[in-house]
Amino acid sequence: DELRKMLHHHRSHPDAHWSLPEEVLQRYERFYYALEPKDDIEKIWWLFTEHWPNFPEGHSIKTSYSERAQQLQERRTIELTTIYKNHGLMKILELLEEIPENQAHILGFTLANIVTDEQEFEELAKFLKVDDKHLVFIQTFLHRKLLANTKKWVFDYYEKLKALGYDSATLAKIFVKLPADRELWNFVAQTDDVIIDYYWKSVNLALFLLTVKDKEFGMRKLMNYGRFTSAVEEASHIADDLEKDTIIEVLYGFIKSEPEQVFRIHSYQIEILFDRLEQSEIDNATMIQLEWLYMPILGYSYGDTKTPRLHKEMSINPDFFMDVISLVYKSDNSVDDNSDQEKVVAAAEAVDDSESIVKADVAYQAYNLLNHWSSIPGVDEQLNIDDDALKNWVNAVRKKASEKGLLHAADNQIGSIFATFPEPNGKMEKCKPISWPPEPFCEILESSDSTEMLSGFSVNCYNKRGSSSRSAFDGGTREHHLVK
């Protein structure tokens with residue numbers, strides 16, 4: 001193996017300064033073939049143990065991926081055909097025992113190009129009874145046979161094995177790795193409940209290749225069988241073709257259900273589904289609820305927020321803002337009063353009657369929402385400030401906070417969000433003079449006479465700048481523009 005890898009490495013890069021001359025490589029090649037095993041299986045097993053095996057003759061780096069893959073498959077087919085002609089099927093099955101499970105599909109795919117004998121098809125069917133690499137081998141074999149022939153070939157194969165007495169649990173394994181489409185689904189639906197259930201509980205659909213109608217059908221089947229992890233995985237690839245109600249059902253179902261071990265859902269997949277919902281006319285309350293439920297998965301960002309509706313709702317709805325504050329801070333009035341927290345948790349978890357929809361700690365989640373809040377009340381996307389909207393929001397929040405015994409916490413958050421208003425910089429419109437902090441903010445900070453509000457503003461002014469490094473005598477040159 002090491003000789004083969006060395007030959008491959010040097011011959012694949014003949015012009016490199018470290019590459020050995022060809023006359024030296026030829027001497028190593030003679031050693032390689034002198035040490036080659038006598039057994040035909042041992043001679044070629046390395047072709048099937050790696051996805052991209054190293055050939056002693058090397059390969060040209062100019063060869064495209066598709067050309068290299070085709071050449072590799074042709075080489076595998078030629079070598080396996082030679083063994084099949086000289087020794088028969090049983091000898092090839094010895095090779096199956098030598099290769100790792102994650103490469104068994106390569107042997108199954110290659111053998112399907114060679115075997116045509118009906119009795120040998122029946123011999124291979126015994127591998128449907130197991131759940132190891134032998135099953136991977138036979139399922140890939142059948143997949144390749146279907147591509148080379150038609151689905152009728154597989155359907156006839158099923159009927160033959162059924163006539164030979166194979167039970168439904170075994171026969172069901174024929175279908176789960178085949179390309180999914182309506183023709184296959186219709187055939188499976190005509191079998192029996194054991195096969196139907198096994199198929200829909202195990203199949204990976206790859207719905208992006210199907211019609212819009214079939215995509216909806218496949219998604220509905222996954223949800224009916226409680227496979228919401230698979231449904232999210234599929235939906236992230238075909239979001240533009242799905243109805244918004246389907247996506248909403250998938251998102252709620254995923255939060256409530258136990259995750260499947262086959263897939264790991266990533267935040268970008270959820271973002272794709274959220275983006276699709278934002279493009280449709282979706283109820284604001286529903287989207288706010290979904291953003292709350294998926295905060296632990298979406299994560300947090302100091303740039304563009306991943307939960308814009310939650311941020312916007314806090315900036316226009318004083319009641320919602322105070323509900324979030326109540327989740328994080330205890331009231332000064334009564335340390336035992338949890339009514340506000342229970343109300344918000346119930347509202348956020350109002351999906352059927354499930355008791356464990358939000359698995360992350362709600363207080364920590366609310367803290368992160370406040371910590372990454374970036375939508376300033378009364379300020380639009382063009383940084384225009386509506387004085388009345390800003391003051392009305394602040395007054396309403398401070399009144400409710402005072403009643404709840406949360407004025408200190410609310411004031412601190414108000415000061416903190418004021419500090420996020422962009423400071424003057426070279427990218428702003430020169431014809432639009434901007435003082436910082438803006439006058440409406442200054443009026444509120446001064447008139448409130450709140451130490452907590454000033455503290456929140458001051459702390460976030462420092463924190464948002466992050467760390468910096470400079471030479472010993474640079475001084476504060478970088479900050480001079482802030483006081484001009």
Interatomic distance, Phe421 atom CZ to Cys461 atom SG [nearest 0.5 angstrom]: 12.5 Å

Ser230 and Tyr225, any side-chain heavy atoms less than 4.5 Å apart: no

Side chains of Glu97 and His134, donor plus acceptor under 3.5 Å: yes

Within-4.5 Å side-chain heavy-atom neighbours: Met314 and Leu369: yes

Arg144 (side chain) donor-acceptor with Thr110 (main chain) under 3.5 angstrom: no

Asn384 side chain vs Asp380 backbone, donor-acceptor pair below 3.5 Å: no

Minimum heavy-atom distance Ile174-Val154, with the two atoms named: CG2-CG1, 3.7 Å

Thr286: side-chain hydrogen bond (donor to acceptor under 3.5 Å, both in side chains) partners, not counting sequence neighbours: Asp283

Results of side-chain hydrogen bond (donor to acceptor under 3.5 Å, both in side chains) for His143 - residues two or more places apart only: none

Donor-acceptor under 3.5 Å (Lys312 side chain, Ser375 main chain): no

N/O donor-acceptor pair under 3.5 Å between Arg76 side chain and Leu47 backbone: yes

Note: Arg220-Glu216 ion pair, threshold 4.0 Å (strictly below): no

Contact check, side chains of His59 and His8, non-hydrogen atoms, under 4.5 Å: yes

Working for ring pair (Phe, Tyr, Trp, His ring centres under 6.0 Å), residues Phe141 and Trp153: CA-CA 13 Å; Phe141 178 91; Trp153 184 93; 7.1 Å; no

Heavy-atom closest contact (Pro438 atom, Ile385 atom, distance): CB-CD1, 3.5 Å

From CA spacing to verdict: side-chain contact (heavy atoms from CB on, under 4.5 Å), Glu278, Met287: CA-CA 8 Å; Glu278 289 288 358; Met287 201 65 200; 3.8 Å; yes

Side-chain donor or acceptor of Ser315 paired with backbone N/O of Ile376 under 3.5 Å: no

Spacing of Leu111 atom CG and Thr140 atom OG1 [to the nearest 0.5 Å]: 11.0 Å

Glu271 vs Leu298, side-chain contact (heavy atoms from CB on, under 4.5 Å): CA-CA, chis, key distance, verdict: CA-CA 7 Å; Glu271 290 180 44; Leu298 290 170; 3.6 Å; yes

Between Glu243 and Thr246: side-chain donor-acceptor atoms closer than 3.5 Å: no

Test log, rule salt bridge (charged side-chain N to carboxylate O under 4.0 Å, His left out), inputs Glu313 and Arg309: CA-CA 6 Å; Glu313 187 68 12; Arg309 301 256 188 156; over 6 Å; no

Expected output: side-chain Gln103 to main-chain Pro100 donor-acceptor under 3.5 Å: no

Over-ring placement of Lys129 relative to Tyr166, 6.0 Å and 45° cut-offs: yes

Side chain to side chain donor-acceptor pair (under 3.5 Å) pairs, two or more places apart, involving residues 388-397: Lys391-Glu443

Check: Lys177 main-chain N/O paired with Gln139 side-chain donor or acceptor under 3.5 Å: no

Parallel, tilted or perpendicular, as decided by the 30° and 60° cut-offs, for the rings of Phe187 and Phe155: parallel

Between Ser326 and Asp323: side-chain donor-acceptor atoms closer than 3.5 Å: no

Lys/Arg N to Asp/Glu carboxylate O, Lys5 vs Asp1, below 4.0 Å: no

Aromatic ring proximity Phe175/Trp185, centre distance under 6.0 Å: no

Residues Met295, Leu310; criterion side-chain contact (heavy atoms from CB on, under 4.5 Å); working and verdict: CA-CA 10 Å; Met295 272 184 64; Leu310 283 172; 3.7 Å; yes

Salt-bridge contact Glu423-Lys464 (side-chain N to carboxylate O under 4.0 Å): yes

Set of side-chain contact (heavy atoms from CB on, under 4.5 Å) partners for Gln70, sequence neighbours left out: Glu74

More than 12 heavy atoms from other groups under 6.0 Å of CD1 on Ile61: no

Aromatic plane relationship, Trp373 with Phe321 - under 30° parallel, 30 to 60° tilted, over 60° perpendicular: tilted

Audit row: Phe418, Leu390, side-chain contact (heavy atoms from CB on, under 4.5 Å) steps and yes/no: CA-CA 11 Å; Phe418 282 178; Leu390 173 63; 3.9 Å; yes

Minimum-distance pair of heavy atoms, taken over all atoms of Thr229 and Glu258: OG1-O, 4.3 Å

Nearest atoms (heavy-atom pairs only) where Ile99 meets Trp45: CG2-O, 4.5 Å

Test salt bridge (charged side-chain N to carboxylate O under 4.0 Å, His left out) applied to Asp156 and Lys152, step by step: CA-CA 6 Å; Asp156 290 342; Lys152 186 178 184 303; 2.9 Å; yes

From CA spacing to verdict: ring pair (Phe, Tyr, Trp, His ring centres under 6.0 Å), Trp46, Phe55: CA-CA 10 Å; Trp46 56 271; Phe55 292 99; 5.6 Å; yes

Residue list, side-chain hydrogen bond (donor to acceptor under 3.5 Å, both in side chains) with Asp214, at least two apart or on another chain: Arg182, Thr211

Atom of Asp241, atom of Val212 and distance for their closest heavy-atom approach: O-CG1, 3.5 Å

Positive for side chain to side chain contact (heavy atoms under 4.5 Å, CB included) with Leu80, one of Val115, Leu95, Asn113: Leu95

Lys/Arg N to Asp/Glu carboxylate O, Glu260 vs Arg227, below 4.0 Å: yes

Nearest-0.5 Å distance, CD1 of residue Ile247 to CG of residue Asp240: 8.0 Å

Between CG on residue Leu290 and CG on residue Leu251, distance to nearest 0.5 Å: 5.5 Å

Between CG on residue Leu370 and NE2 on residue His311, distance to nearest 0.5 Å: 9.0 Å

Residues which pass side-chain hydrogen bond (donor to acceptor under 3.5 Å, both in side chains) with Lys162, listed by chain and number, not counting sequence neighbours: none

Side-chain donor or acceptor of Arg276 paired with backbone N/O of Leu242 under 3.5 Å: yes

Donor-acceptor under 3.5 Å (Tyr294 side chain, Phe274 main chain): no

Nearest non-hydrogen partners of Val362 and Trp292, listed with the distance: O-CH2, 3.9 Å

Any donor-acceptor N/O pair, Thr77 side chain to Gln73 backbone, under 3.5 Å: yes

Any side-chain heavy-atom pair of Thr191 and Tyr198 under 4.5 Å: no

